[in-house]
Amino acid sequence: MPELPEVHTVLEGLQSALEGRQISALHSYYPGTVSYDPALDYEPFPARVIAGIRRGKYMILNLDNATSLIIHLRMTGKLIYEAQPNEVHKHERARFELDNGAAIRFFDLRTFGKIILLKSENLQNYLPKLGAEPLSPDFTAQYLLQKLKGRKAPIKNLLLDQSIVAGLGNIYVCELLYRARIRPETAGDKITLQQAKEMVKHTVDVLNEAILVGGTSVSDYRRIDDKTGEFQHFLRVYHKEICPLGHEVKRIRQGGRSSFFCPLCQK
DNA sequence: CAATGATCCTGTCCGC
DNA sequence: TGCGGACAGGATCATT
């Protein structure tokens, strides 16, 4: 599932594929994948990308005509660059055509991914309230503690809340809690300053390590050249039977999702 | 406001 | 071999 490191990797690939190019058209093959800001009363293409920004799991592309694109891959979205694009695939939901005949194809088996075209000035209306970027200086133990104050929900659920920390998903939350030696069921308001510090440190570490190897491919995630990431080889508890110390990993359900943790390593 | 649960979607896997 | 059901889960919406 694309989380921060995967979105980061895809955005980098997207930017290099679009470098010096013009997007000549956007085609949509599935209703609901591409949507348009009603204020967009002009034809947005052709246009050039002048900036690519990641915010949480959202990719934002600013075009040279005051138009922006928001792309969210959700669970199964993939952006794949092809110099000589094939015919439309069963799971292809949209396609960007470039001025050199290449294409960026948006595949999305489960159709939850979104592409939004909007006036750049309206960007804030199309992004939800997002919490701190975990790789920014805003993400501190103090920030986290303040957000967790009075929250009875399990820390696992709270770390998945994008309005608290933007960009974490199921995989990295399981991994960072293992590294921080904290049980996923721990109530938010029971987290100590020391634990908050551990969480911040290990969040930053695990995300940076994953970015270095192009993200985690557990199912559908691919880079823009259709290659897998490599961080799945370094996971310690997610979808594991035993942790690196040889203890049995337990699997529980929290908020409808699987949590993996080691009852011996995590307190 | 906070917490929980349903919903959207389709391919894969498991048990019988 | 085939079938039904569980599962995968990010974000949003409804309910309590």
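Remember, predicted model here, so these are calculated numbers, not experimental data. A, B, ... follow the sequence lines: proteins, then strands. Residue 1 opens every chain.
- If you measure from atom CG of A:L148 to atom C1' of B:dA3, you get 15 Å, rounded to the nearest angstrom.
- A salt bridge does not link A:K250 with A:E241: every distance from a Lys NZ or Arg NE/NH1/NH2 to an Asp or Glu carboxylate oxygen is 4.0 Å or more.
- Where A:K57 and A:S258 meet DNA chain C, the nucleotide closest to each residue was compared, and A:S258 sits on the side nearer the 5' end.
- Note on A:K90: a side-chain N or O is less than 4.0 Å away from OP1 or OP2 of B:dG11.
- Atom CG of A:L73 is separated from atom P of C:dG10 by 12 Å (rounded to the nearest Å).
- For the pair A:Y58/A:V7, no side-chain contact is recorded, criterion being any heavy-atom separation below 4.5 Å from C-beta on.
- Distances shown here put every side-chain N or O of A:K152 at or beyond 4.0 Å from the OP1 or OP2 atom of B:dA3.
- What separates CZ of A:F260 from P of C:dC7 is a distance of 12 Å, to the nearest Å.
- Under 4.0 Å is where a charged nitrogen must lie from a carboxylate oxygen, and between A:E133 and A:R54 at least one such pair does.
- The CE-P distance, from A:M75 to B:dC8, rounds to 13 Å in whole Å.
- Cation-pi geometry between A:R93 and A:Y30 is met: the NZ or CZ atom falls under 6.0 Å from the ring centre, inside 45° of the normal.
- Residue order along DNA chain B, read from the 5' end via each residue's closest nucleotide, puts A:N157 first among A:T111 and A:N157.
- Each of C:dG9, C:dT12, B:dT10 was ranked by its minimum atom distance to the side chain of A:Y58; first place goes to C:dT12.
- Following rounding to the nearest Å, A:F112 (CZ) and B:dT10 (P) show an atom-to-atom distance of 8 Å.
- Within the 4.0 angstrom heavy-atom criterion, no nucleotide atom of any strand lies near A:T76.
- Considering only side-chain N and O atoms, A:H72 lies under 4.0 angstrom from the phosphate OP1 or OP2 of C:dA11.
- In the set C:dG9, B:dA3, C:dT12, B:dA3 carries the atom at the smallest distance from any side-chain atom of A:L158.
- What separates NZ of A:K156 from P of C:dG10 is a distance of 8 Å, to the nearest Å.
- The side chain of A:Y238 lies closest to C:dG9, out of B:dA2, C:dG9, B:dG11.
- Regarding A:M1, its CE atom lies at a distance of 5 Å from the P atom of C:dG9, rounded to whole Å.
- For A:L109, the listed nucleotide lying nearest its side chain is B:dG11; candidates were C:dA11, B:dG11, B:dA3.
- Using a 30° and 60° split on the angle between ring planes, A:H91 and A:H89 fall in the perpendicular class, above 60°.
- Note on ring orientation: taking the six-membered ring where Trp is involved, the planes of A:F260 and A:Y238 are perpendicular (angle over 60°, cut-offs 30° and 60°).
- Contacts of A:R93 with the nucleic acid, taken as non-hydrogen atoms under 4.0 Å apart, are absent.
- Atom pair A:R253:CZ and C:dA6:P shows a separation of 11 Å (rounding to whole Å applied).
- Considering only the side chain of A:P154, B:dT4 comes nearest among B:dA3, C:dA11, B:dT4.
- When the side-chain nitrogen and oxygen atoms of A:R110 are compared with OP1 and OP2 of B:dG11, none of them lie within a distance under 4.0 Å.
- Taking only side-chain nitrogens and oxygens, A:Q162 never comes nearer than 4.0 Å to OP1 or OP2 of C:dG10.
- Between A:H91 and B:dC9, a side-chain N or O to OP1/OP2 separation shorter than 4.0 Å is absent.
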